[in-house]
Asks: 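Just dropping this structure here.
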Amino acid sequence: MKALLFFGRCCAVLSAVAIALPATAAAVHDGEAVDHPHTEHPHLAASPTLTIEQVLNAALRLAPEQSMGNAYQQQATSQQQVSRRIIAGRPRLNASYWDDQNADDTGLREMELGLEVDLWRWGERSNAKSLARSYASGADAWQDYQQLIVVGRLRNALHQLNASTARREHAVNAVADAQALLAVSEKRLRAGDISRAARMQSEALLLEARQQLLNADAELVDAERLYITLTGLRQRPAQFSESPPARQNISTQHPRLRLLLAKRQQQQDRLNQARHAAAGNTTLAIGVRRERGSNIEPEIESLGLSLSIPFGGASYTAAASSNAAIALSDADVALKQAQQQLQQRFHEVEHELDVIAESITYAKQSRDLSKRQWQMAKKAFATGESDIRPTIVALQHYRASQLQWQLLTLRQQALISSLRQTVGETL
């Protein structure tokens, strides 16, 4: 029984200590180590030796579009092989055999073996070579466009990591400030300078700060999982920032526009190809024949040559190539829409960058002012010249202004990356 009572008293003491005192005393406060609640998920280590190029290469290897490059290249190679042929289409072998064994049975017999080939129409082979070149151009443009796509995902993931890391660091510092304020409150409570209710306000502030830290940890874990899924890496670069783009407009060298231009040229070549196919090809046939009229006649061997030339049918040609003409119009529309979207996005990001630059100036001034107010309020509370409530308000204002300034700065970096993405510049 005594052992149970002793155990109960120990639990009560430990509970009181856990409520009244900070969890630990080694948290990061404005660059100093600060304790924070334990999290289930260890965060990614920031490696000073891991370069952005290494991260990009890792993301490219895991990109779901990786196989598309091989398909585009195979398409270009196949069309190049077709354009080098001396005939259009595939040759055809014709064979025939005639006899009257089941009819008059006079001994008539005829055997023929021939080869038919389609000849290129005027300009058709040049069109096939043009289509091969447009396929090759499209394959090259796709490689650059795929890299730009992956770079865009990587930029978003890295900036999300930066923002989540900043929020977590802010939450850690907020816990440290709340711990320090609670320690002062405890001291003044023991001295009889403040009421227990005032001390409870300090404790409530610390609990709120720890809850915010818990939420920030969860947000950072989500950002790290996105980064790991994208790159497969368990480390992140220590620093990531970009300079404004050298190009200040949307040019036709943008990877997306280059790909759409190549696709438009492909549709133009396919339209010409469809017109040639609908008009038909001249067919050349070469064959040998062995024949006899009856059993008493000798067999005769001969060599034959025939030429089949299609003509007319302009209306049929137009109808047969109408789908290819519509596809060409769709390619034109897609190209113009992409140009307009990129140009609109460019102006939007430029405008937001101008606005955020001014906002950062105001946020920095607000941060500096609220920091001085917090320092004065903290000193006044420590010396017994102020109550707990204005001290808490000053701390909350300072922490909010500090976070706002930091997030605006990170947002500016993200917008610079977005501007580079919009004009088609990679890392």
Asks: Does the side chain of R256 pick up a donor-acceptor pair with the side chain of Q341 at under 3.5 Å?
Replies: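 Present: a donor and an acceptor within the cut-off.
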
Asks: Do you see a donor-acceptor pair shorter than 3.5 Å between the side chains of R236 and N162?
Replies: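 Yes, a side-chain donor-acceptor pair sits under 3.5 Å.
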
Asks: For L328 and R264: C-alpha separation, side-chain torsions, deciding distance, then whether side chain to side chain contact (heavy atoms under 4.5 Å, CB included) applies.
Replies: CA-CA 6 Å; L328 177 60; R264 189 220 174 267; 4.0 Å; yes

Asks: Salt-bridged, R372 to D368, with N to O below 4.0 Å?
Replies: no

Asks: Determine, stepwise, if the pair L56 / T426 fulfils side chain to side chain contact (heavy atoms under 4.5 Å, CB included).
Replies: CA-CA 10 Å; L56 175 58; T426 56; 5.7 Å; no

Asks: Which atom names give the shortest non-hydrogen contact between A319 and S322, and what distance separates them?
Replies: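 Minimum heavy-atom contact is O-OG, 2.9 Å.
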
Asks: Between atom CG of L408 and atom CD of E358, what is the distance when rounded to the nearest 0.5 Å?
Replies: 12.0 Å

Asks: Measure across D100 and L108 and return the closest heavy-atom pair with its distance rounded to 0.1 Å.
Replies: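 Here D100 and L108 meet closest at OD1-N, 3.1 Å.
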
Asks: Just by distance, with hydrogens left out, do T283 and E116 show a side-chain donor and acceptor under 3.5 Å apart?
Replies: no

Asks: Check whether the side chains of E124 and N281 place a donor and an acceptor atom closer than 3.5 Å, and report yes or no.
Replies: yes

Asks: Given side chain to side chain contact (heavy atoms under 4.5 Å, CB included), test R155 with R420 step by step and report yes or no.
Replies: CA-CA 10 Å; R155 280 170 168 152; R420 290 176 62 92; 3.4 Å; yes

Asks: Assess the side chains of R345 and S418: does a donor N or O sit below 3.5 Å from an acceptor N or O?
Replies: yes

Asks: Step through the shown structure and confirm whether more than 12 heavy atoms of other residues, nucleotides or ligands are within 6.0 Å of CZ on R290.
Replies: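 12 or below, so no.
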
Asks: Please check if atom CD1 in I86 has more than 12 non-hydrogen atoms from other residues, nucleotides or ligands closer than 6.0 Å.
Replies: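 Result for CD1/I86: open.
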
Asks: For I388 and F381, which heavy atoms make the closest approach, and how far apart are they?
Replies: CD1-CZ, 3.6 Å

Asks: Work out which heavy atom in A394 is nearest to a heavy atom in A377; give both atom names and the distance.
Replies: CB-CB, 3.7 Å

Asks: Can you name the nearest heavy-atom pair linking V423 to I250, along with the distance?
Replies: CA-CD1, 4.0 Å

Asks: Look up atom CG in D222 and atom CG in L161, then write down how far apart they are to the nearest 0.5 Å.
Replies: 11.0 Å

Asks: Which residues pass the side-chain hydrogen bond (donor to acceptor under 3.5 Å, both in side chains) test with R133, sequence neighbours left out?
Replies: none

Asks: Return yes if a side-chain donor-acceptor contact under 3.5 Å exists between E224 and H43, otherwise no.
Replies: yes

Asks: Which heavy atom of P91 sits nearest a heavy atom of I87, and at what distance?
Replies: CD-CD1, 3.8 Å

Asks: When you compare the side chains of Q265 and D269, does any donor N or O come within less than 3.5 Å of an acceptor on the partner?
Replies: yes

Asks: Atom CD1 of residue position I296 - does it have more than 12 heavy atoms of other residues, nucleotides or ligands inside 6.0 Å?
Replies: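 Open: at most 12 neighbouring heavy atoms sit under 6.0 Å from CD1 of I296.
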
Asks: With no hydrogens and no angle check, do the side chains of S83 and Q79 hold a donor and an acceptor under 3.5 Å apart?
Replies: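 No.
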
Asks: Any salt bridge linking E65 with R153? Criterion: basic side-chain nitrogen under 4.0 Å from a carboxylate oxygen.
Replies: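 Yes, E65 and R153 are salt-bridged.
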
